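So the structure is just underneath, and the comments pick up after that.
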Amino acid sequence: DAGVTQSPTHLIKTRGQQVTLRCSPKSGHDTVSWYQQALGQGPQFIFQYYEEEERQRGNFPDRFSGHQFPNYSSELNVNALLLGDSALYLCASSLVFWQTNTEAFFGQGTRLTVV
Amino acid sequence: AQTVTQSQPEMSVQEAETVTLSCTYDTSENNYYLFWYKQPPSRQMILVIRQEAYKQQNATENRFSVNFQKAAKSFSLKISDSQLGDTAMYFCAFMKQSTGNQFYFGTGTSLTVIP
């Protein structure tokens with residue numbers, strides 16, 4: 001089992017550009033959540049996808065959007081990049097988002113640097 | 001709103017000794033879960049231990065145990081017989097049962113195990 005895989009591992013973008021990050025959940029998992037972890041901080045919840053719909057959203061602007069595909073993989077898109085978007089972006093997968101007795105598994109993240 | 005506070009940015013412990021990491025949280029929820037996650041340099045968040053708020057008994061996982069004080073909203077992690085592989089960032093996290101699989105993380109404690 002490959003676990004949660006994220007791509008790319010590192011990315012450098014210019015301010016104002018758009019970026020797409022990808023996540024493949026652990027086998028058998030159907031829910032994907034995205035987190036932003038700024039340097040020296042804990043991860044902050046961006047949003048969560050289940051059955052190809054955004055189910056929950058944290059306090060992030062509309063520049064952050066996502067998508068979930070029928071195979072449960074997910075993308076995180078960020079438009080009009082700001083320097084403050086530089087962070088580690090973590091993906092977590094779990095089974096059925098409302099079932100809190102299941103363990104969430106995290107990927108190794110994508111390090112985004114905006115210059 | 002839910003907040004998680006870790007007041008120890010950095011800690012160190014001698015190999016084979018015991019160390020305790022502190023965490024406090026604030027919530028008006030009655031049904032929730034608490035977690036400790038480990039983030040080594042590989043960046044992948046790894047679940048260390050989990051506590052259901054309705055359980056009075058403190059959770060234990062091998063060398064890891066918690067002291068859960070619900071009234072005080074305190075959730076500390078004790079690591080016994082510290083090993084070099086325990087060196088990592090440790091994050092305390094909270095999850096509401098009502099929202100499922102959406103974590104609120106603290107700012108983390110950097111733990112160094114000294115040989």
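A, B, ... follow the sequence lines: proteins, then strands. Residue 1 opens every chain. Computed from a predicted structure; not experimentally measured.
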Original post:
So how far is it from A:Arg57 CZ to B:Gln102 CD, rounded to the nearest 0.5 Å?
Top reply: 12.0 Å
Original post:
Counting only heavy atoms not in A:Leu83, do more than 12 fall under 6.0 Å of its CG?
Top reply: yes
Original post:
Are there more than 12 heavy atoms of other residues, nucleotides or ligands under 6.0 Å from atom OH of A:Tyr72?
Top reply: no
**OP:** Would you please test A:Val4 and B:Met45 for side-chain contact (heavy atoms from CB on, under 4.5 Å) and show each step?
**Re:** CA-CA 11 Å; A:Val4 180; B:Met45 301 283 267; over 6 Å; no
Original post:
Is there a path of hydrophobic side-chain contacts, each under 4.5 Å between heavy atoms of I, L, V, M, F, W or Y residues, that connects B:Met11 with B:Val4?
Top reply: yes
Original post:
Can you check whether B:Phe35 reaches A:Glu103 side chain to side chain, under 4.5 Å on heavy atoms?
Top reply: no
Original post:
For the candidates A:Gly107, A:Gly58, A:Ser33, which exhibits the highest count of non-hydrogen atom pairs separated by less than 4.5 Å from chain B?
Top reply: A:Gly107
**OP:** Check whether A:Thr9 gets within reach of chain B through its side chain, its backbone, both or neither, counting any heavy atom under 4.5 Å.
**Re:** both
Original post:
Do B:Ile79 and B:Phe91 belong together in a cluster built from hydrophobic side chains that touch within less than 4.5 Å?
Top reply: no
**OP:** Would you name the heavy atoms of B:Thr107 and A:Gln41 that are closest together and state the gap between them?
**Re:** CG2-OE1, 3.8 Å
**OP:** Could you tell me which portion of A:Phe105 (side chain, backbone, both or neither) has an atom closer than 4.5 angstrom to a non-hydrogen atom of chain B?
**Re:** neither
Subject >> Residue B:Glu52 versus chain A: region with a heavy atom under 4.5 Å >> reply: neither
Subject >> ILVMFWY network linking A:Tyr35 to B:Val48, side-chain heavy atoms under 4.5 angstrom >> reply: no
Original post:
Do you know which two heavy atoms are closest between B:Phe103 and A:Ala104, and how far apart they sit?
Top reply: CE1-CB, 3.8 Å
Original post:
Would the number of heavy atoms belonging to other residues, nucleotides or ligands and lying under 6.0 Å from NZ of B:Lys78 be above 12?
Top reply: no
**OP:** Establish whether B:Phe64 and B:Phe105 are linked, either directly or via other cluster members, by ILVMFWY side-chain heavy-atom contacts under 4.5 Å.
**Re:** no
Original post:
Considering only heavy atoms, which portion of A:Gln6 lies under 4.5 Å from any heavy atom of chain B: side chain, backbone, both, or neither?
Top reply: neither
Subject >> Cluster overlap B:Tyr104 with A:Phe64, hydrophobic side-chain contacts below 4.5 Å >> reply: no
Original post:
Which pair of non-hydrogen atoms, one from B:Arg43 and one from A:Gln108, has the smallest distance, and what is that distance?
Top reply: NE-O, 2.9 Å
**OP:** Name the orientation class of the two ring planes belonging to A:Phe106 and B:Tyr37 (parallel below 30°, tilted from 30 to 60°, perpendicular beyond 60°).
**Re:** perpendicular
Subject >> A:Arg15 atom CZ: more than 12 heavy-atom contacts under 6.0 Å >> reply: no
Subject >> Reported CE-to-CZ distance for the pair B:Met95 and A:Phe45, which is rounded to 0.5 angstrom >> reply: 10.5 Å
